[in-house]
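Just the heavy atoms: all of them, side chains too, but no hydrogens, waters or symmetry mates, feed the values below. Chain letters run A, B, ... following the sequence lines, proteins first, then strands; residues in each count from 1.
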Number of protein chains: 2
Amino acid sequence: MPLNDQLPALNREFIAHFGEMGSRWGINRTVGQIYALLFLSPKPLCADEIAESLEFSRSNVSMGLKELQAWRLVRLRHVPGDRREYFGAPDDVWEIFRVLAEERRRREVEPTLTMLRSALQETPATDDERHAQERMRQMHEFISRLMTWFDEVQKLSPETAVQLMSMGSMVTRVLEVKDRLTGRNTKKQSSTP
Amino acid sequence: MPLNDQLPALNREFIAHFGEMGSRWGINRTVGQIYALLFLSPKPLCADEIAESLEFSRSNVSMGLKELQAWRLVRLRHVPGDRREYFGAPDDVWEIFRVLAEERRRREVEPTLTMLRSALQETPATDDERHAQERMRQMHEFISRLMTWFDEVQKLSPETAVQLMSMGSMVTRVLEVKDRLTGRNTKKQSSTP
DNA sequence: GTGATAGTTCAGTAATTACTGAAAAGTAAG
DNA sequence: CTTACTTTTCAGTAATTACTGAACTATCAC
């Protein structure tokens, strides 16, 4: 993986890491590296610059950028008097996270919810089917709940989200007090059967 | 993908879906299907039963189960008077989510944090490196914050987490009021440059 | 011990996914 | 319309990942 020498060592390390991690996410090495390069770059880059920096073929860069655009992770820019297309990653990391979460949800969660909803319409014939459907109901309910909550958080501005996150422990403590009064157990259950 | 006929139609659909989705997650089709089968099953299954139901080779099932165990998504069980190993998926969907999140964090987030921490140690030489390092700092801070918050939530019992999630909108509203008083903007910024 | 059953490993192969170069399509300027 | 430049597409190929069957190890019953 011979990253261009003119890239600073710092950048090369970061880009290489994103390449390796890329495969653990749904994206491939190439796409991960292109994104990393754009994320670090102080200015938008055009496809040729990317191809040269990362030593990929021009067509590979084209396909990678197409995928990153489909993920809405890069933004197309234009430089006046230059007809090439330039690409940049958004600056705000919260915004990046939001988009990523939204996109993953659309691709990975929604299809499952759809499948589950349709399965829950069916009338189970056997005991096994009844059990299976009950499991699906549990899964559907859990995911729906999670998504509703996520919708709420996603609407927030970065600063508010940060506030909300740092309130986490506070809210927990409030619930603990409430539960102690009502006799419920907030802490993770210990294994005392 | 000829799932065994003796599986109820409902189950077959669910299992097939998990197989297809599996590749979008980091797991492969086989592993996804084995998990789906176990998730729906009212009782733990042994490797042979799995192999027969899904029509995989015995060795494929063995490898799949090994991976699911590495993900801590299935639990090994023993039936008295039977020396075969049986496998089951935990019942509680919140518990499943918790484990999944923990494991993904360990595999996908921690290595990145480590890389970022080490990059932040370096002294940038050029302006570009200085900029790159600042971007990495932003990313590191964001992820750290997210993980701290996640730690908090992960410690909660299922019921408490549900409570916390359904409090989402309430907390948001409180913050909105607070921000209105302090003159800050809680709502997602509209694109008015 | 031997035989029978259960589980694992691994080399070889099948299937899938990633990448390239060449050709095509698109686009602005003259 | 033509030229020069830019991006996209795609068939072929390389690289990676998934899967199988056969051989091997382990464990239990006898």
Side-chain angles (χ1 to χ4, degrees), chain A residues 1-3 15-16 18-38 44-71 74-88 107, chain B residues 1-3 15-16 18-38 44-71 74-88 107:
Chain A
M1 203 185 316
L3 295 176
I15 292 167
F18 262 60
E20 286 150 26
M21 279 318 191
S23 20
R24 300 207 183 177
W25 281 78
I27 65 176
N28 67 33
R29 192 156 40 80
T30 315
V31 173
Q33 291 184 208
I34 295 175
Y35 183 73
L37 180 71
L38 291 175
L45 301 174
C46 73
D48 286 309
E49 289 169 326
I50 296 169
E52 198 199 352
S53 286
L54 302 177
E55 313 193 39
F56 296 156
S57 73
R58 184 63 187 69
S59 55
N60 200 4
V61 171
S62 178
M63 292 195 298
L65 286 170
K66 216 172 101 183
E67 189 166 346
L68 284 171
Q69 283 178 284
W71 277 91
V74 298
R75 203 162 292 166
L76 183 57
R77 293 288 170 71
H78 278 103
V79 172
D82 187 335
R83 102 187 143 74
R84 282 173 300 183
E85 293 177 328
Y86 285 79
F87 297 88
R107 293 162 189 239
Chain B
M1 204 184 315
L3 296 176
I15 291 167
F18 262 60
E20 286 150 26
M21 279 317 192
S23 19
R24 300 207 183 176
W25 281 78
I27 64 176
N28 67 32
R29 192 156 41 82
T30 315
V31 174
Q33 291 184 208
I34 295 175
Y35 183 73
L37 180 72
L38 292 175
L45 301 175
C46 72
D48 286 309
E49 289 168 326
I50 297 169
E52 197 199 352
S53 286
L54 302 177
E55 312 193 40
F56 297 155
S57 73
R58 185 65 187 68
S59 54
N60 200 4
V61 171
S62 178
M63 292 193 298
L65 285 170
K66 219 172 99 183
E67 189 168 346
L68 284 172
Q69 281 177 285
W71 276 91
V74 298
R75 204 162 294 165
L76 183 57
R77 292 289 170 71
H78 277 103
V79 172
D82 187 336
R83 83 191 158 79
R84 283 173 299 184
E85 294 176 328
Y86 286 79
F87 296 87
R107 293 162 189 239

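The two atoms that bring B:Ser53 and B:Leu37 nearest to each other are CB-CD2, 4.0 Å, heavy atoms only. Of all heavy-atom pairs between A:Gln69 and A:Leu76, the closest is NE2-CB, 4.2 Å.
Remark: A:Ser62 is in phosphate contact with D:dT8, judged by side-chain N or O atoms under 4.0 Å from OP1 or OP2. A close approach under 4.0 Å does occur between a side-chain nitrogen or oxygen of B:Lys66 and OP1 or OP2 of C:dT9. At the phosphate of D:dT16, neither OP1 nor OP2 sits under 4.0 Å from any side-chain N or O atom of A:Asn28.
If you measure from atom CZ of A:Arg84 to atom P of D:dA4, you get 18 Å, rounded to the nearest angstrom. The interatomic distance linking A:Glu85 (CD) with D:dC5 (P) rounds to 17 Å, in whole Å. To the nearest angstrom, P of C:dA18 lies 16 Å from CG of A:Leu65. Taking atom CD1 on A:Ile50 and atom P on D:dT6, their separation rounds to 14 Å, with Å as the unit. Rounded to a whole Å, the CD1 atom of A:Ile27 is 16 Å from the P atom of C:dT17. If you measure from atom CZ of B:Phe56 to atom P of C:dT8, you get 17 Å, rounded to the nearest angstrom. Atoms NE2 (B:His78) and P (C:dA6) sit 12 Å apart, rounded to a whole Å. The nearest whole Å value for the distance from the CG atom in A:Leu76 to the P atom in D:dT6 is 15 Å.
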Margin query: Checking B:Leu38 against B:Leu65 for the side-chain contact (heavy atoms from CB on, under 4.5 Å) test, could you report, in this order, the C-alpha distance in whole Å, the side-chain angles of both residues, the deciding distance, and whether it holds?
Written below: CA-CA 10 Å; B:Leu38 292 175; B:Leu65 285 170; 4.2 Å; yes

Between A:Leu68 and A:Phe87, is a side-chain contact (heavy atoms from CB on, under 4.5 Å) present by the stated rule, with each step listed? CA-CA 10 Å; A:Leu68 284 171; A:Phe87 297 88; over 6 Å; no

Can you list the steps and then say if A:Trp71 with A:Ile27 is a side-chain contact (heavy atoms from CB on, under 4.5 Å)? CA-CA 10 Å; A:Trp71 277 91; A:Ile27 65 176; 4.1 Å; yes

Margin query: Does B:Val74 form a side-chain contact (heavy atoms from CB on, under 4.5 Å) with B:Ile34? I'd like the steps, not just the answer.
Written below: CA-CA 10 Å; B:Val74 298; B:Ile34 295 175; over 6 Å; no

Under 3.5 Å, which N/O atoms of the protein pair with N/O atoms of nucleotides 21-23 of chain C?
from: C:dG21; atom 1: N7; to: A:Ser59; atom 2: OG; distance (Å): 3.2
from: C:dG21; atom 1: O6; to: A:Ser59; atom 2: OG; distance (Å): 2.8

If you restrict it to nitrogen or oxygen atoms, what contacts under 3.5 Å exist between nucleotides 25-27 of chain C and the protein, and what is each distance?
from: C:dT27; atom 1: O2; to: A:Arg83; atom 2: NH1; distance (Å): 3.4

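The structure places CG of A:Asp48 at 11.5 Å from CD of A:Glu85, a figure rounded to the nearest 0.5 Å. Note that the CZ atom of A:Arg58 and the CD1 atom of A:Ile50 stand 8.5 Å from one another [nearest 0.5 Å].
Using a 4.0 Å heavy-atom distance criterion, B:Thr30 is classed as a sugar-phosphate-only contact.
Toward the 5' end of DNA chain D, the nearer of the two residues A:Ser23 and A:Asp82, judged by each one's closest nucleotide, is A:Asp82.
Atom CZ of B:Arg107 has more than 12 heavy atoms from other residues, nucleotides or ligands within 6.0 Å.
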